[in-house]
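To keep things clear, I will list the structure first and then write my remarks on it.
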Amino acid sequence: MADQEQAELRMLVARLRHEHEDFDVAINAMIQTGCDQLRIQRMKKKKLAIKDRITEIEDQIIPDIIA
């Protein structure tokens with residue numbers, strides 16, 4: 001993988017992590033205000049999708065090493 005491509009993927013991971021943290025803060029605020037459980041579950045699902053995407057990208061950056 002080229003250094004440029006790897007750097008772009010690392011930037012994407014950083015943005016996704018920030019977005020993941022934003023979802024966490026929003027979900028906590030929704031829970032504290034007693035928001036509808038369905039909306040909270042949808043937010044949690046989006047947050048999980050972001051986490052899965054982060055893991056997928058990190059796997060591209062750091063390939064598995066077979067020992």
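No hydrogens, no waters, no symmetry mates; every other heavy atom, side chains included, goes into these values.
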request  = Under the side chain to side chain contact (heavy atoms under 4.5 Å, CB included) rule, what do R53 and I57 come out as? Steps first, then yes or no, please.
outcome  = CA-CA 6 Å; R53 181 70 177 132; I57 294 169; 3.8 Å; yes
key: Non-hydrogen side-chain atoms of V13 and R17 separated by less than 4.5 Å   = yes
Residue pair E8 / Q4, side-chain heavy-atom distance below 4.5 Å = yes
Quick one: [atom1] on [X] to [atom2] on [Y], what's the gap to the nearest 0.5 Å?
{"X": "K47", "Y": "I40", "atom1": "NZ", "atom2": "CD1", "result": "12.0 Å"}
{"X": "Q6", "Y": "I61", "atom1": "CD", "atom2": "CD1", "result": "6.0 Å"}
{"X": "L48", "Y": "Q41", "atom1": "CG", "atom2": "CD", "result": "11.0 Å"}
{"X": "E21", "Y": "I50", "atom1": "CD", "atom2": "CD1", "result": "11.0 Å"}
{"X": "L9", "Y": "D59", "atom1": "CG", "atom2": "CG", "result": "11.5 Å"}
{"X": "F23", "Y": "K45", "atom1": "CZ", "atom2": "NZ", "result": "13.0 Å"}

Is it possible for you to say whether [X] and [Y] belong to one hydrophobic cluster, with membership spreading through side-chain heavy-atom contacts below 4.5 Å?
{"X": "I31", "Y": "V25", "result": "no"}
{"X": "M11", "Y": "L16", "result": "no"}
{"X": "L38", "Y": "I27", "result": "no"}

query = Should we say atom NZ of K46 is surrounded by more than 12 heavy atoms from elsewhere, each under 6.0 Å from it?
reply = no
request  = Determine, stepwise, if the pair E58 / I54 fulfils side chain to side chain contact (heavy atoms under 4.5 Å, CB included).
outcome  = CA-CA 6 Å; E58 286 176 339; I54 291 169; 3.8 Å; yes
